[in-house]
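Just dropping this structure here.
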Amino acid sequence: MNDQKAEIDVEEEPSDFIRTQIRKDIAAGKQNTIVTRFPPEPNGYLHLGHAKSICLNFGVAAEYDGRCHLRLDDTNPAKEDEEYIEAIKEDVQWLGFDWGDHLHFASDNFDQLYQMAISLIDADKAYIDDLSAEEIRDYRGTLTEPGRDSPNRYRTPDENKTLFMRMKNGEFKDGQKVLRAKIDMSSANMNMRDPILVRIVNARHPRTGDEWKIYPTYDFAHGQSDAIEGVTHSLCTLEFEGHRPLYEWLIENLPVPSRPHQYEFSRLNISHTVLSKRRLMQLVQEGHVSGWDDPRMPTLRGLRRRGVPPQAIRNFIAKLSISKNEGVVEMAAFDFEIREYLNRNAERRLAVLNPLKVVIENYPEGQAEELEAVNNPQDAESDVRMIPFSREIYVERGDFMEDPPKKFFRLGPNREVRLRFAYFITCIDMIKDESGEVVELRCTYDPETKGGNAPDGRKVKGTIHWVSAADAIDAEVRLYDPLFSNENPGSDDDFVIDLNPASLAIQSGCKLEPSLCDAAVGQAIQFERTGYFCVDGDSTPQKPVFNRTIALRDSWEKMQKK
Ligand code: ATP
Ligand code: MG
């Protein structure tokens, strides 16, 4: 944790309209302590979009010596579940943030919210409505036409109070009655046309069980929970901008212990994926992915399983602007941060994903030796490990061409290459099967080139990776590509049609250097020349499984594309 902190510290001090506002408020002596909150609804798992909000809320609190609460906005028992509550806590911690003693639940405030509702009724600022959801929508009017008053709008406070208590006692069915604020049915802001504050939901709540039959709406619970917790700056995304007048009206008209303010910033959108719990839920339920933690998912669980380090996510978020401009960030920008972080931090290993056997004819049969390999050339203090070398090795099928073009600096008939950390070898022959496919290469090595240099000064352009055949571990490697082939999934109606059919390729029979049997689940490793990988939770000693976190850019592929 300490070194992660150090890495955050070297970043430039962030500045944006929210931080500017906070500095102003501090200078004006408005608050002693800055208090923010991250308020997820426990109806799904957290995704990269949430990470923006988490980093902003916890980040701002830390920068100004304040605190950030984790608040579960558990006001809709029909959709919420204990499973999600636990997962959200775990994911926020994994991302690197700590709410200390400040884990809160909107449901902690149900009693107080009930009392606040009564006080609004007493002040004749709220009423019980019997209209159905459809009628309420109908009466609400449109953007160009004012709404109409409900026939129930002028009930007396006493009558309202009696009905409200009967709602609480469970005397009505879902949707039969609601509590509405009495504001202005002709307001230009639709949110102010007597919004619903409390509704009936007959479902078991994950925390309060069957105690309540009535539940506050988001609008009623949110600002009041902010006020009860002493939140000073309530940061949310732009879709709540139109709710701010209501947020303020409620704070104004209720006996709240503090006066928080709401500020809105733009959501994070990323190309080639979807950031919406509803859509992610659909992918899981329809079986397009293996679960919320499928490594192709943009959920924090999925990213974690894929091997994306939390610091790479924080670095990515730190570079996003906090503003009111809606836009789409290229997935490539996220990939860049992942590579950038892993390049500095992941140890290197040799692994051959698509093996082609090589027999080194002049290497004595039965002989073996250990060669020294550096673990991370990016780290000056990196240590070394020993890797076994022998007469039979595997190389990558793609590192050989029978009829190579001039610029292919790898193996081909009579071509010499360097084996990483080992020797120069020259291909002298190849063996084919009946179908004409090359199944084995015969090579010679130059014993003088141990460690990778020729004493006579001759150069080879290519260096390829390899694994000693007798010592190799067999593994399954899961290669992930973007989940969607369309950069803006669902630009037509159905986002599922934009799924990338090739987003997962399972490669079995991969050959890994033996030290990889010690890799821990989730630990980031670079397979040299290929990409970054980590051990999957499905892995067993009998059947190791690795996930590709992200590919390295392949220089040959890049050249061909040009
Ligand atoms: P979704 O649209 O995926 O269901 P949500 O906004 O309904 O997300 P909540 O659980 O209500 O999910 O979100 C908790 C907090 O995370 C909110 O303050 C919300 O503004 C913020 N948030 C959600 N998605 C994003 C996003 N893409 N970018 C930035 N913040 C987000
Ligand atoms: Mg929401």
Side-chain angles (χ1 to χ4, degrees), residues 16 18 35-61 68-76 78-81 83-89 91-92 95 97 99 104-107 206 216-219 221-223 225-226 229 231 233-244 247 260-285 292 297-303 313-314 316-329 331 333-334 488-490 495:
D16 50 63
I18 288 174
V35 184
T36 58
R37 85 287 166 270
F38 171 63
E41 182 180 358
N43 61 352
Y45 287 79
L46 299 181
H47 53 64
L48 259 180
H50 293 116
K52 179 176 179 183
S53 178
I54 297 170
C55 292
L56 175 65
N57 278 294
F58 281 93
V60 158
C68 179
H69 299 182
L70 174 62
R71 179 191 321 138
L72 283 303
D73 180 21
D74 54 348
T75 52
N76 184 3
K79 289 205 170 147
E80 295 156 9
D81 200 281
E83 168 197 348
Y84 302 129
I85 297 177
E86 287 313 308
I88 287 169
K89 284 158 63 180
D91 288 350
V92 172
L95 193 57
F97 299 100
W99 53 85
H104 299 277
F105 292 84
S107 58
T217 55
Y218 170 87
D219 284 314
H222 198 81
S225 298
D226 285 345
E229 291 174 26
V231 167
H233 296 76
S234 182
L235 313 178
C236 61
T237 35
L238 274 177
E239 67 270 25
F240 295 104
E241 198 167 28
H243 293 242
R244 188 173 358 117
Y247 185 100
H261 281 274
Q262 175 181 306
Y263 301 92
E264 309 87 18
F265 62 96
S266 56
R267 300 173 75 83
L268 171 61
N269 301 303
I270 302 181
S271 72
H272 298 95
T273 191
V274 292
L275 295 180
S276 139
K277 277 184 285 193
R278 191 178 48 78
R279 285 179 162 194
L280 295 173
M281 174 87 81
Q282 189 183 335
L283 293 176
V284 173
Q285 285 175 344
W292 285 97
M297 291 278 270
T299 51
L300 297 184
R301 314 236 119 178
L303 295 168
I313 299 177
R314 297 202 299 266
F316 167 64
I317 304 283
K319 289 191 183 162
L320 301 172
S321 66
I322 301 292
S323 73
K324 290 188 179 279
N325 305 326
E326 298 278 10
V328 179
V329 177
M331 182 66 90
F334 183 46
N488 178 15
F495 75 101

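When a residue number appears, it is its place in the shown sequence, counting from 1. Counting convention: from 1, in listed order, for ligands and their atoms alike.
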Is R37 in polar range of ligand 1, meaning some N or O pair under 3.5 Å apart? no

Looking only at distances, please establish whether an N/O atom of ligand 1 is found under 3.5 Å from an N/O atom of L268. yes

Does S323 use its side chain to pair, donor to acceptor, with the backbone of N325 at less than 3.5 Å? yes

Which residue from R267, K52, R278 reaches closest to atom 2 (O) of ligand 1 through any of its heavy atoms?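 Considering heavy atoms of R267, K52, R278, the nearest to atom 2 (O) of ligand 1 sits in R267.
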
Taking the six-membered ring for Trp and the full ring for Phe, Tyr or His, determine whether the centres of Y218 and F240 are under 6.0 Å apart. yes

Test item, H47 contacting ligand 1 (heavy atom, 4.0 angstrom):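 The answer is yes, since H47 has a heavy atom less than 4.0 Å from ligand 1.
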
Is the closest N or O pair between T237 and ligand 1 shorter than 3.5 Å? yes

Answer whether the closest heavy-atom distance between the side chains of K324 and E241 falls below 4.5 Å. yes

Numbering the atoms of ligand 1 from 1, which are under 4.0 Å from a heavy atom of P40? 10 (O), 14 (C)

As a quick check of understanding, evaluate ring-ring contact (aromatic ring centres under 6.0 Å, His included) for H243 and Y247, giving each step before the final call. CA-CA 6 Å; H243 293 242; Y247 185 100; over 10 Å; no

Polar atom proximity, G49 to ligand 1 (N or O, under 3.5 Å): yes

Restricting to heavy atoms, the pick from K277, E41, R71 nearest atom 12 (O) of ligand 1 would be K277

R37 and E229 ion-paired at < 4.0 Å: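 No, R37 and E229 are not salt-bridged.
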
Minimum heavy-atom distance V274-L280, with the two atoms named: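 Taking every non-hydrogen atom into account, O-CD2, 3.6 Å.
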
Numbered atoms of ligand 1 (with element) below 4.0 Å of S53, judged on heavy atoms: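 Counting atoms of ligand 1 from 1, those under 4.0 Å from S53 are 16 (O), 21 (C), 30 (N).
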
